[in-house]
K.L.:
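Below you'll find the structure I mean.
What you see is a predicted model; the values in this text were computed from it and never measured. All residue numbers in this chain count up from 1 along the given sequence.
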Amino acid sequence: MTRRQHSFVAPSGLTLAVHEWGGAGDPVLLAHPTGFHGVVWQPVADRLVAQGRRVWSFDFLGHGDSDPPPAGPSPWDGLAAAAPPGRDH
């Protein structure tokens with residue numbers, strides 16, 4: 001499967017990497033554990049697309065291809081705040 005990567009500028013002005021896996025059905029947004037990259041979901045995304053779902057994943061700030069947080073590691077609430085903007089991509 002071909003993954004397309006997009007950049008999304010969050011309200012903070014920082015850039016999040018969003019990975020589009022394809023599909024045309026009901027949407028699924030996959031969020032990786034801390035210390036990982038959004039492409040870790042490829043095997044799962046492949047299965048979901050094959051089952052008719054439209055799938056995206058994203059990189060939290062400080063992970064993968066997203067910008068680093070402005071002052072060191074993100075607090076847990078900062079990680080959670082990144083998900084809604086990625087969801088709207």
K.L.:
Show your reasoning for whether side chain to side chain contact (heavy atoms under 4.5 Å, CB included) applies to T15 and F8.
P.N.:
CA-CA 5 Å; T15 300; F8 174 83; over 6 Å; no
K.L.:
What's the spacing between S66 OG and L16 CG if we round to 0.5 Å?
P.N.:
4.5 Å
K.L.:
Are E20 and Q5 packed together at the side-chain level, in the sense that at least one heavy-atom pair is separated by less than 4.5 angstrom?
P.N.:
no
K.L.:
Are L14 and V9 side-chain neighbours, meaning at least one heavy-atom pair lies under 4.5 Å?
P.N.:
no
K.L.:
Verify whether one side chain among D59 and H19 offers a donor that lies under 3.5 Å from an acceptor in the other.
P.N.:
yes
K.L.:
Which pair of non-hydrogen atoms, one from W21 and one from A45, has the smallest distance, and what is that distance?
P.N.:
CG-CB, 3.5 Å
K.L.:
So does D26 get a backbone contact from the side chain of R53, meaning a donor-acceptor N/O pair under 3.5 Å?
P.N.:
yes
K.L.:
Strictly distance-based, threshold 3.5 Å: is any side-chain N or O of S57 a donor or acceptor partner for the main-chain N or O of G38?
P.N.:
yes
K.L.:
Just how far is it from atom CH2 of W41 to atom CZ of F36, taken to the nearest 0.5 Å?
P.N.:
10.0 Å
K.L.:
Pair W56, F58 - check side chain to side chain contact (heavy atoms under 4.5 Å, CB included), show working.
P.N.:
CA-CA 7 Å; W56 293 272; F58 68 99; over 6 Å; no
K.L.:
Are any non-hydrogen side-chain atoms of R3 and V39 less than 4.5 angstrom apart?
P.N.:
yes
K.L.:
Tell me if a side-chain donor or acceptor on D65 pairs with a main-chain N or O of A17 at a distance below 3.5 Å.
P.N.:
no
